[in-house]
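For reference, positions follow the sequence shown, starting with 1. What you see below is based on every heavy atom in this structure, not just the backbone, and it leaves out hydrogens, waters and symmetry mates.
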Amino acid sequence: MCSELHDKSLNPYIDNNEIYNQWAKNYDKYVDSLEYNGPRNIVSFFKKKFENKNKFKILDFGCGTGKVGEELRKQLNNKDFYLEGIDISAKMIDIAISKKVYNKNTLVDLTKTIYNEKYDYILSSGVFLEGHVSIKNINRLFDLLKKNGLLIFTIRTSFKDNNYIDFKKYVLENKKFNDVYITDIEYLKNVSCNLVCLTK
């Protein structure tokens, strides 16, 4: 059942909102069985970048069941920060809320809705891939960042390669950002993906 929903979620012609609402109850168990290390590794990378400051505001874009939120609270347990999770699936957000790691969870599709908030950092794991969020939406996330803010996200290599024109335009040559840094992290056990860090 979960593997079937996983496959369906990669289909751009199927409503992901409905898929994730169906998947929510068993999502964590399924991705844990795959050793989904993206959230842990994106937070480990972020931890080295925020220059040891306190009282900052983070957005977890596409928070799902709260995997990134859990890692942020675990790895930054001595820091004072505000954390908001945003997702399109009400059922996934319900599970994220139950983990009590977010200050706020918001049900909103940022690819379609203007959102008037500002964040020091935006993290996103497992969102830029087939059937999910287009690379063109990088500019929407830029508008949510404070000056000198960081946008850090994972992107599946196949998705980047198949959409390289957009990746080049909205990431590599995007004049809105002052700096672009790309590296590899382990996404699933023995499976890597690109991690992109953009500085406003």
Under a 4.5 Å cut-off applied to non-hydrogen side-chain atoms, are [X] and [Y] in contact?
X: C193; Y: I155; answer: no
X: K79; Y: L72; answer: no
X: V196; Y: I138; answer: no
X: V171; Y: F153; answer: yes
X: V180; Y: N174; answer: no
X: F167; Y: F128; answer: no
X: D120; Y: F81; answer: no
X: N194; Y: D184; answer: yes

Heavy atoms of other groups near [X] [atom1], more than 12 under 6.0 Å:
X: K168; atom1: NZ; value: no
X: K57; atom1: NZ; value: yes
X: K136; atom1: NZ; value: no
X: K74; atom1: NZ; value: no

How far apart are the closest heavy atoms of [X] and [Y], and which atoms are they?
X: T154; Y: G126; value: OG1-N, 2.9 Å
X: G69; Y: Y102; value: N-OH, 3.2 Å
X: R140; Y: T113; value: NH1-O, 3.9 Å
X: A96; Y: G66; value: CB-N, 3.9 Å
X: L150; Y: K49; value: CD1-CB, 3.8 Å
X: T65; Y: K99; value: O-NZ, 2.9 Å

task = Go through the steps for L110 and N137 under the test side chain to side chain contact (heavy atoms under 4.5 Å, CB included), then give the verdict.
result = CA-CA 8 Å; L110 289 185; N137 288 289; over 6 Å; no
ask   = Is the closest basic N to carboxylate O distance between K55 and D80 below 4.0 Å?
value = yes
query = When you check the gap from the basic side-chain N to the acidic O, do E71 and R40 get nearer than 4.0 Å?
reply =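 The answer is no: the pair does not qualify as a salt bridge.
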key: Residues L59, L144; criterion side chain to side chain contact (heavy atoms under 4.5 Å, CB included); working and verdict   = CA-CA 9 Å; L59 173 66; L144 300 177; 4.0 Å; yes
ask   = How far apart are the C-alpha atoms of K200 and L151, what are their side-chain angles, what is the distance that settles it, and do they pass the side chain to side chain contact (heavy atoms under 4.5 Å, CB included) test?
value = CA-CA 8 Å; K200 185 168 182 178; L151 167 58; over 6 Å; no
Measure the spacing between [atom1] of [X] and [atom2] of [Y] and express it to the nearest 0.5 Å.
X: D87; Y: L107; atom1: CG; atom2: CG; result: 8.0 Å
X: I42; Y: K67; atom1: CD1; atom2: NZ; result: 15.0 Å
X: L141; Y: S124; atom1: CG; atom2: OG; result: 7.0 Å
X: K176; Y: L198; atom1: NZ; atom2: CG; result: 12.0 Å
X: I95; Y: N105; atom1: CD1; atom2: CG; result: 11.5 Å
X: I58; Y: L76; atom1: CD1; atom2: CG; result: 6.5 Å

ask   = When hydrophobic residues are tied together by side-chain contacts of less than 4.5 Å, even through go-betweens, does V68 share a cluster with Y82?
value =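 Hydrophobic grouping puts V68 apart from Y82.
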ask   = Using 30° and 60° as the class limits, which term best fits the ring planes of F142 and F177: parallel, tilted or perpendicular?
value =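 Ring orientation, 0 to 90° scale: perpendicular.
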query = Taking the six-membered ring for Trp, is the centroid-to-centroid distance between Y121 and F56 below 6.0 Å?
reply = yes
task = Indicate whether any N or O donor in one side chain lies under 3.5 Å from an N or O acceptor in the other, for Y36 and S125.
result = yes
query = For residues N37 and E186, is any side-chain donor paired with an opposing acceptor at under 3.5 Å?
reply =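 Distance-only check passes for N37 and E186.
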request  = Go through the steps to decide whether Y181 and F45 satisfy the test side chain to side chain contact (heavy atoms under 4.5 Å, CB included), and finish with yes or no.
outcome  = CA-CA 12 Å; Y181 177 81; F45 175 86; 3.6 Å; yes
